[in-house]
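Right, one structure below, let's go through it.
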Protein chains: 2
Amino acid sequence: MMDTPKKYKLGLEAALDVIRGKWKGIILFHLSTGRKRTHELRTLIPEITQKVLTQQLRELEHDQIIHRILHIQNPPKVEYEVTAYGWKLADLLISLCNWGEQHLDNLHGDKSKLLEDYLLLSGGQEMQVPGNAE
Amino acid sequence: MMDTPKKYKLGLEAALDVIRGKWKGIILFHLSTGRKRTHELRTLIPEITQKVLTQQLRELEHDQIIHRILHIQNPPKVEYEVTAYGWKLADLLISLCNWGEQHLDNLHGDKSKLLEDYLLLSGGQEMQVPGNAE
DNA sequence: CTGCATCCCCTATGATACTG
DNA sequence: CAGTATCATAGGGGATGCAG
């Protein structure tokens with residue numbers, strides 16, 4: 001998924017590629033609160049399947065965002081952790097999370113703030129120019 | 001896509017939902033450099049189809065991230081612009097873009113930096129505990 | 001406990017043609 | 001120019017069973 005000599009025109013494309021996947025962002029966010037075992041992640045994200053969890057963890061690992069820590073013992077124990085490199089991305093996700101929180105607030109009860117911005121912009125700019133072509 | 005009384009456990013889920021879609025992030029990023037006409041966007045993102053472009057624009061508009069400016073004239077002229085509300089998100093995308101740029105650098109020629117972080121972490125932590133259960 | 005292998009489906013995306 | 005309407009497709013993701 002990353003080995004392909006894919007041409008990105010924008011850095012953003014590369015970045016979005018890294019967090020593409022239904023759960024990658026969520027996973028990374030949870031790991032940002034500390035190293036987690038596989039099972040803990042499943043508990044934190046009940047909706048995700050084993051397969052997809054492993055899958056997306058592998059991709060994040062491949063992109064050097066997280067780090068897989070294998071403890072050789074019986075029963076096996078595996079932990080995942082954000083790498084120093086990955087933290088740069090994780091921090092952005094945390095910001096995104098904060099934005100999301102506010103966004104949720106806006107979606108719920110209080111729409112005034114959102115509406116305010118809306119009116120502000122549409123006030124002067126959604127003008128209806130009479131029919132003259134350019 | 002947003003009217004459904006969806007339960008988010010994390011603000012991040014809501015945020016990721018807003019930029020979910022293959023091109024939404026890219027679109028928003030392009031709009032962050034200024035108001036754009038529909039056709040300009042198609043030029044900036046040649047790979048996107050008319051249908052999908054419109055579709056994702058509608059969703060962003062619905063989430064109040066961007067604003068559709070209709071000039072009634074012939075031929076029709078439509079412009080899209082980031083709302084004040086949307087800017088909070090757009091800013092994050094710009095950061096994400098910067099991260100992506102660096103990430104691309106790491107992927108290309110110089111892997112030293114990335115590797116550095118990697119070694120840093122794995123040095124003390126990828127220990128292989130002998131076989132003792134807990 | 002963790003992870004792999006299958007099978008299957010759904011939905012987002014793409015291709016194409018048409019309207020105002 | 002901008003946007004719909006259809007139909008077709010791919011591939012990400014879900015369910016289940018098995019393995020170390």
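Values below: every heavy atom of this structure, side chains too, minus hydrogens, waters and symmetry copies. First the proteins, then the strands, lettered A, B, ... as listed; each starts at 1. Owing to the predicted nature of the structure, the values given are computational and were not obtained by experimental measurement.
Here the side chains of B:Tyr8 and B:Asp17 are in contact, with some heavy-atom distance below 4.5 Å.
Considering CD1 of B:Ile27 and CD of B:Glu59, their distance stands at 9.5 Å, rounded to 0.5 Å. Rounded to the nearest 0.5 angstrom, B:Ile45 CD1 and B:Lys22 NZ are separated by 12.0 Å. The CD atom of A:Glu81 sits 12.0 Å away from the OG atom of A:Ser32 when rounded to the nearest 0.5 Å. Atom NE2 of residue B:His103 and atom CD1 of residue A:Ile65 lie 5.5 Å apart, to the nearest 0.5 angstrom.
For C:dG3, the OP1/OP2 oxygens have a side-chain nitrogen or oxygen of A:Thr38 closer than 4.0 Å. Phosphate proximity of D:dA2 to B:Arg68: absent, as no side-chain N or O sits under 4.0 Å from OP1 or OP2.
A donor-acceptor contact closer than 3.5 angstrom is absent between the side chains of B:Tyr85 and B:Asp63.
For B:Val78, whose side chain is taken as the heavy atoms from C-beta onward, the closest listed nucleotide among D:dA2, C:dG3, D:dG13 is D:dA2. The side chain of A:Lys22 lies closest to D:dG14 when the candidates are C:dT2, D:dG14, D:dG3. For B:Arg37, taking side-chain heavy atoms from C-beta onward, the closest of the listed nucleotides D:dC1, C:dC4, D:dG3 is D:dC1. When each of C:dG3, D:dC1, D:dG3 is scored by its nearest atom to the side-chain atoms of B:His39, the top-ranked nucleotide is D:dC1. Taking only side-chain atoms of A:Thr49, from C-beta outward, the nucleotide of D:dT16, C:dT13, C:dG3 with the closest atom is D:dT16.
Counting any heavy atom pair closer than 4.0 Å across all strands shown, B:Gln56 reaches sugar-phosphate atoms only and no base atom. At the heavy-atom level, A:Arg42 lies nowhere under 4.0 Å from the strands shown.
Comment: A:Arg35 engages A:Glu79 in a salt bridge, judged by a side-chain N to carboxylate O separation of less than 4.0 angstrom. Between A:Lys9 and B:Glu47 there is a salt bridge, since at least one side-chain N of the basic residue sits less than 4.0 Å from a carboxylate O of the acidic one.
One atom, CD of A:Glu47, and another, C1' of D:dG13, lie 13 Å apart when rounded to the nearest Å. One interatomic measurement links the two molecules: CD1 of A:Ile19 to P of D:dG12, which rounds to 16 Å at whole-angstrom precision. Atom CZ of A:Arg58 and atom P of C:dT2 are 12 Å apart (whole Å). Whole-Å rounding puts the B:Leu70 CG to D:dC1 P distance at 16 Å. For B:Gln50 and D:dT6, the CD to P distance is 17 Å, given to the nearest whole Å. As rounded to whole Å, 11 Å separates atom C1' of D:dG14 from atom CD1 of A:Ile48. In this structure, CG of B:Leu53 is placed 10 Å from P of D:dA2, rounded to the nearest angstrom. Between the CD1 atom of A:Ile69 and the C1' atom of C:dG3 there is a distance of 17 Å, given to the nearest Å.
Nearer to the 5' terminus of DNA chain C, by closest-nucleotide assignment, is the contact made by A:Tyr80 (compared with the other of A:Tyr80 and B:Pro76).
At a cut-off of 3.5 angstrom, counting only N and O atoms as typed in the model, there is a donor on one side and an acceptor on the other between the side-chain of B:Lys51 and the base of C:dG14.
Relative to the axis of its first five pairs, the axis of the last five pairs of the helix from C:dC1-D:dG20 to C:dG20-D:dC1 sits at 50°, rounded to 10 degrees.
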